[in-house]
Each structure stands twice: as structure tokens, then as C-alpha cells.
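Scroll down for the structure; my scribbles are underneath it.
Computed from a predicted model, the values in this text were never measured in an experiment.
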Amino acid sequence: MTAARDGSVALSIPGVLTDPAVRQALIWEPFREGLEISWLYQAPDFDGPSAAFLKYAPGAHVPTHEHPGFEHILVLEGSQRDQNGLHEAGAVVINPPKTQHAVTSDDGCIVLAIWQMPVRFL
């Protein structure tokens with residue numbers, strides 16, 4: 001994988017949807033308690049669009065937050081749940097602007113998250 005985090009270089013990650021070894025080999029860094037992140041791109045000053053893979057440890061939790069813009073989630077492995085239900089591998093979840101939720105992963109998961117705008121924690 002070769003790309004600039006600011007999105008200035010084309011990015012291709014062959015096999016990321018189908019091969020768990022590719023996902024495990026991503027460059028992971030601590031993000032929140034129980035979560036690691038592998039950034040794909042971020043807007044300058046973190047005030048615009050961004051995308052990343054998130055790896056939840058079993059039992060990891062993201063507190064209630066609001067989406068000022070769209071959030072798109074693709075669950076690649078494991079599952080996560082929120083007020084809207086359980087989202088297992090293969091699920092696509094779209095949270096529209098002004099929606100709120102908290103997220104938990106009982107058994108751990110890896111998701112692709114694409115944010116139009118950064119979330120606001122409540």
C-alpha cells in the first residue's frame with residue numbers, strides 16, 4: 001500500500017475485502033481505548049472528509065457521538081452493534097447527518113469507515 005494520508009496519491013489495497021491477512025498487515029496505531037486505526041486519508045486540520053480502517057478489540061466501545069455529515073461503515077470481519085441493531089461482516093451501515101449512536105463490538109471487528117465530517121462526541 002502506497003499513498004499519502006492527505007489523499008494526494010492514488011491508493012489501491014488489493015485483497016483487503018477478501019483476505020484477512022491483508023487487513024492484519026495494515027499499519028495500525030492506537031486510536032481510542034480498545035480501538036486501533038489505519039488511516040487511508042484525512043482532511044487537513046481534521047475538519048473534512050476522512051477514511052480509515054478501525055479494529056475493535058472484543059468488548060471495545062465508542063461512546064455516543066453525532067454525525068455532522070454522512071458516515072459510511074463496511075463491516076469486514078466480526079460484528080458491531082448500535083441502537084439500530086447488530087451489523088455483521090458484509091453489512092453496510094450509513095449514518096446520515098444529525099444522527100447519533102454509540103458503538104460496541106462484543107467479539108471484535110474490523111470496519112472500513114468513511115466520514116464526510118469528523119464526528120462530535122457528546
Side-chain angles (χ1 to χ4, degrees):
M1 172 175 80
T2 304
R5 283 174 57 171
D6 66 1
S8 63
V9 176
L11 172 63
S12 175
I13 310 171
V16 75
L17 295 179
T18 57
D19 187 348
V22 172
R23 294 189 291 272
Q24 294 301 325
L26 295 170
I27 299 169
W28 296 100
E29 58 187 68
F31 185 56
R32 301 183 62 81
E33 185 175 341
L35 271 79
E36 294 179 273
I37 194 163
S38 180
W39 287 103
L40 296 172
Y41 63 85
Q42 293 172 292
D45 300 322
F46 306 106
D47 65 352
S50 60
F53 295 100
L54 294 172
K55 186 190 308 184
Y56 288 68
H61 175 79
V62 175
T64 302
H65 55 279
E66 180 178 67
H67 297 281
F70 280 96
E71 174 191 63
H72 299 85
I73 300 291
L74 171 60
V75 182
L76 299 171
E77 58 185 77
S79 65
Q80 63 176 217
R81 66 182 158 78
D82 63 12
Q83 292 84 331
N84 299 306
L86 180 67
H87 313 292
E88 298 177 298
V92 172
V93 181
I94 300 173
N95 293 299
K98 299 184 182 171
T99 58
Q100 300 176 6
H101 67 148
V103 180
T104 300
S105 182
D106 296 326
D107 299 318
C109 67
I110 296 179
V111 304
L112 169 62
I114 303 168
W115 301 279
Q116 183 180 16
M117 300 291 295
V119 301
R120 291 186 205 125
F121 288 95
L122 304 175

Where is the tightest heavy-atom contact between [X] and [Y], given as atom of each residue plus distance?
X: S79; Y: S105; result: O-OG, 2.6 Å
X: L76; Y: A89; result: O-CB, 3.9 Å
X: P58; Y: D107; result: CG-O, 3.7 Å
X: R120; Y: P68; result: NH2-CB, 3.4 Å
X: G34; Y: A60; result: O-CB, 3.4 Å

Counting heavy atoms not belonging to Q83, are there more than 12 under 6.0 Å from its CD? yes

Reported [atom1]-to-[atom2] distance for the pair [X] and [Y], which is rounded to 0.5 angstrom:
X: D19; Y: Q24; atom1: CG; atom2: CD; answer: 10.0 Å
X: E71; Y: Q116; atom1: CD; atom2: CD; answer: 11.5 Å
X: L17; Y: E77; atom1: CG; atom2: CD; answer: 11.5 Å

H72 pairs by side-chain contact (heavy atoms from CB on, under 4.5 Å) with which of V92, V93, V111, I94? I94

Applying side-chain contact (heavy atoms from CB on, under 4.5 Å) between V103 and each of Q80, R81, H87, H61, report the one that passes. Q80

Decide yes or no on side-chain contact (heavy atoms from CB on, under 4.5 Å) for L112 and V16, but give the supporting numbers first. CA-CA 10 Å; L112 169 62; V16 75; over 6 Å; no

Is [Y] reachable from [X] through a run of hydrophobic residues whose side-chain heavy atoms are each under 4.5 Å from the next?
X: M117; Y: W39; value: no
X: L54; Y: L86; value: no
X: L35; Y: I37; value: yes

Under 4.5 Å between any side-chain heavy atoms of V62 and V119, yes or no? no

Quick one: are N95 and W115 in side-chain contact, heavy atoms under 4.5 Å? no

Any idea how W28 and F53 line up, ring-wise: parallel (<30°), tilted (30 to 60°), or perpendicular (>60°)? perpendicular

Verify, without hydrogens or angle tests, whether H65 (side chain) and A102 (backbone) share a donor-acceptor contact under 3.5 angstrom. no

